[in-house]
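Reading through the structure tokens given below for one structure.
Convention: sequence-line order gives letters A, B, ...; per-chain numbering from 1. FYI, side chains are in, hydrogens and waters are out, and symmetry mates aren't considered; it's all heavy atoms of this structure.
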Protein chains: 2
Amino acid sequence: MLLKKHTLGSLIWLRITRFTQQSNLLSNDFLKSFDITVAQFDVLNQISTYQPVTQNGLAEKVTVSEGGISRMLARLEKEGYIQRKQDWKTKWITLTAEGEKKMEEVFEHQLAFQTTLVNECLTGEEQKTLYNLMTKLQKNTENKTRN
Amino acid sequence: MLLKKHTLGSLIWLRITRFTQQSNLLSNDFLKSFDITVAQFDVLNQISTYQPVTQNGLAEKVTVSEGGISRMLARLEKEGYIQRKQDWKTKWITLTAEGEKKMEEVFEHQLAFQTTLVNECLTGEEQKTLYNLMTKLQKNTENKTRN
DNA sequence: GACTATCACTTTACACGTCAACTGATAATA
DNA sequence: TATTATCAGTTGACGTGTAAAGTGATAGTC
């Protein structure tokens, strides 16, 4: 019996997986000069946007487990980028002055880096299309995760 | 001064990152019943397609570092799914009978799982478009990695 | 006031990824 | 033969993800 080796869906999945892996490599390499990783940038960026925010809320924003965000924040706190204030049962996260400064320093470069990677190979129209399709796909997947 | 918070490129990047993370969660959860992870499936699948293959070759196929593939294969060998045969300077990787059996058992289910995730939210036409755009993007990124 | 529940977070054990330093097999040369 | 280079893979230190068990603060109930 002849078995199907792949479908359009599985090919898409493969491309996305490889892209993510490779683009993280590039980003980490780039961010090394700022002494920060792409995961740390992602978290700091979300805090900067949504602060003050609880750990739970942050975990949801960056799609990471509670345990994962706990460890990440411990590191960022040790580095002096963020602070946690216990209030009632929850801890509220904010950037420290040093964290704000770091983000100011890094943000535009990382944004330019990501933007260039896409601009180099896709037209504006193509980017809009890709964004719409990826949004559909991601939202569908997100809904399934909530169960 | 008003700073730009994001570009189409960075929004795409975010969607892709979140999708990857969430879809890996779902896949791992699904594959748990087969006692295998999505990373292991990916590697076994590549071996099954390209065997016999060297560790170097395999590392490139799955976009993982030499060290990473070495550890992964050590695990898979311990589980009895693959074997490594030293020949000259290189080690050639093949699936064992048990590995073949595992893949036969898992493959179609994982393929169906991935396919469904995409079919649920995108039309055939949209899938073709997404595949083409992701291919462009991934290839562009891949080229940059080679330097 | 003591018991229990619950929420928010932490910790542990482990998978999987990186880089950089190391090892082992072969080849090439003095 | 001894020295050195090189290629292929391994290992160590560490970042980041998970699940599941543990902890500490608060609330509700007997």
Side-chain angles (χ1 to χ4, degrees), chain A residues 17-18 20-33 35-44 46 52-79 81-93 145, chain B residues 17-44 46 52-79 81-93 145:
Chain A
T17 299
R18 301 293 184 252
T20 302
Q21 172 64 9
Q22 289 165 333
S23 94
N24 276 339
L25 265 184
L26 290 177
S27 285
N28 275 322
D29 195 47
F30 171 68
L31 290 174
K32 195 151 55 178
S33 53
D35 232 330
I36 215 180
T37 67
V38 76
Q40 287 162 11
F41 173 83
D42 195 4
V43 170
L44 289 177
Q46 295 299 318
V53 64
T54 65
Q55 296 201 184
N56 249 318
L58 196 52
E60 203 168 318
K61 292 283 179 206
V62 293
T63 28
V64 150
S65 69
E66 268 295 295
I69 210 71
S70 180
R71 189 139 50 45
M72 176 89 257
L73 289 176
R75 239 192 306 273
L76 292 175
E77 192 173 36
K78 211 177 83 190
E79 297 284 327
Y81 295 141
I82 62 136
Q83 60 198 134
R84 298 193 259 194
K85 257 190 218 132
Q86 180 99 24
D87 163 45
W88 212 56
K89 283 197 285 192
T90 77
K91 291 189 178 174
W92 292 92
I93 318 296
T145 310
Chain B
T17 300
R18 301 294 184 252
F19 167 77
T20 302
Q21 173 63 10
Q22 289 165 332
S23 94
N24 277 339
L25 265 186
L26 290 178
S27 285
N28 275 322
D29 193 47
F30 172 68
L31 289 174
K32 196 151 54 178
S33 54
F34 296 102
D35 232 331
I36 215 181
T37 67
V38 74
Q40 287 163 11
F41 174 83
D42 194 5
V43 170
L44 288 177
Q46 295 299 318
V53 63
T54 65
Q55 297 201 182
N56 250 319
L58 197 52
E60 203 167 321
K61 291 286 179 202
V62 293
T63 26
V64 151
S65 68
E66 267 295 297
I69 207 72
S70 180
R71 266 190 244 290
M72 177 91 250
L73 290 175
R75 242 186 314 264
L76 291 175
E77 192 173 36
K78 211 177 82 190
E79 298 284 326
Y81 295 141
I82 62 135
Q83 61 198 133
R84 300 192 257 196
K85 256 189 218 133
Q86 180 99 25
D87 163 44
W88 212 56
K89 283 198 283 191
T90 76
K91 290 188 178 175
W92 293 92
I93 316 299
T145 312

Residues A:Trp88, A:Thr90; criterion side-chain hydrogen bond (donor to acceptor under 3.5 Å, both in side chains); working and verdict: CA-CA 6 Å; A:Trp88 212 56; A:Thr90 77; over 6 Å; no
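- Pairing each heavy atom of A:Tyr81 with each of A:Leu44, the nearest pair is CB-CD2, 4.0 Å.
- With a 4.5 Å cut-off on side-chain heavy atoms, B:Val43 and B:Gln40 do not count as touching.
- Between the CZ atom of B:Phe41 and the P atom of C:dC16 there is a distance of 14 Å, given to the nearest Å.
- Using a 4.0 Å heavy-atom cutoff across all strands shown, B:Glu66 reaches at least one base atom of the nucleic acid.
- In the set D:dT10, C:dT10, C:dC16, the nucleotide with an atom closest to the side chain of B:Ala39 is C:dC16.
- Heavy atoms of B:Thr37 sit under 4.0 angstrom from primed sugar atoms or phosphate atoms, though from no base atom.
- Nucleotide C:dT18 holds its C1' atom 19 Å from the CZ atom of A:Phe30, rounded to whole Å.
- Side chain of B:Gln21, nearest nucleotide from D:dT18, D:dT16, D:dG9: D:dT18.
- Closest approach to the A:Thr54 side chain among D:dT10, C:dC9, C:dC16 is made by C:dC9 (side chain taken as heavy atoms from C-beta onward).
- Under a cut-off of 6.0 angstrom, the local environment of CD in B:Glu66 is crowded, with over 12 non-hydrogen atoms contributed by other residues, nucleotides or ligands.
- The CD1-C1' distance, from A:Ile36 to D:dT16, rounds to 15 Å in whole Å.
- The interatomic distance linking B:Leu31 (CG) with D:dA19 (P) rounds to 14 Å, in whole Å.
- In this structure, A:Ser70 OG and A:Arg75 CZ are separated by 10.5 Å, a value rounded to the nearest 0.5 Å.
- Between A:Asn56 atom CG and D:dA25 atom C1' there is a gap of 15 Å when expressed in whole angstrom units.
- The side chain of A:Asn28 places no N or O atom within less than 4.0 Å of a non-bridging phosphate oxygen (OP1 or OP2) of C:dT18.
- Between B:Asp42 and B:Gln46, some side-chain heavy-atom pair lies under the 4.5 Å cut-off.
- Distance B:Asp87 CG to D:dC7 C1': 14 Å, rounded to the nearest Å.
- Listed pair A:Arg71 / C:dT10 fails the phosphate criterion, with no side-chain N or O lying under 4.0 Å from OP1 or OP2.
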So which protein nitrogen or oxygen atoms get under 3.5 Å of nucleotides 4-7 of chain C's nitrogens or oxygens?
unit_1: C:dC7; atom_1: O4'; unit_2: A:Lys89; atom_2: NZ; d: 3.3

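- For the pair B:Lys32 and A:Gln40, both in contact range of DNA chain D, the more 5′-proximal nearest nucleotide belongs to A:Gln40.
- Between B:Arg84 and A:Trp88, it is B:Arg84 whose nearest contact on DNA chain D lies nearer the 5' terminus.
- Of the two residues contacting DNA chain C, namely A:Gln86 and A:Leu25, the nearest-nucleotide position lying further toward the 5' end is that of A:Gln86.
- Annotation: side chain of B:Met72 is not in contact with side chain of B:Val64 (no heavy-atom distance under 4.5 Å).
- At a threshold of 4.5 Å between non-hydrogen side-chain atoms, the residues B:Arg18 and A:Val62 count as touching.
- Rounded to whole angstrom, the span from the CZ atom of A:Arg75 across to the P atom of D:dA13 amounts to 17 Å.
- B:Ser65 comes within 4.0 angstrom of a base, heavy atoms only.
- If you measure from atom NZ of A:Lys78 to atom C1' of C:dT10, you get 16 Å, rounded to the nearest angstrom.
- Phosphate contact (OP1/OP2 of C:dT10, side-chain N/O of A:Lys91, threshold under 4.0 Å): present.
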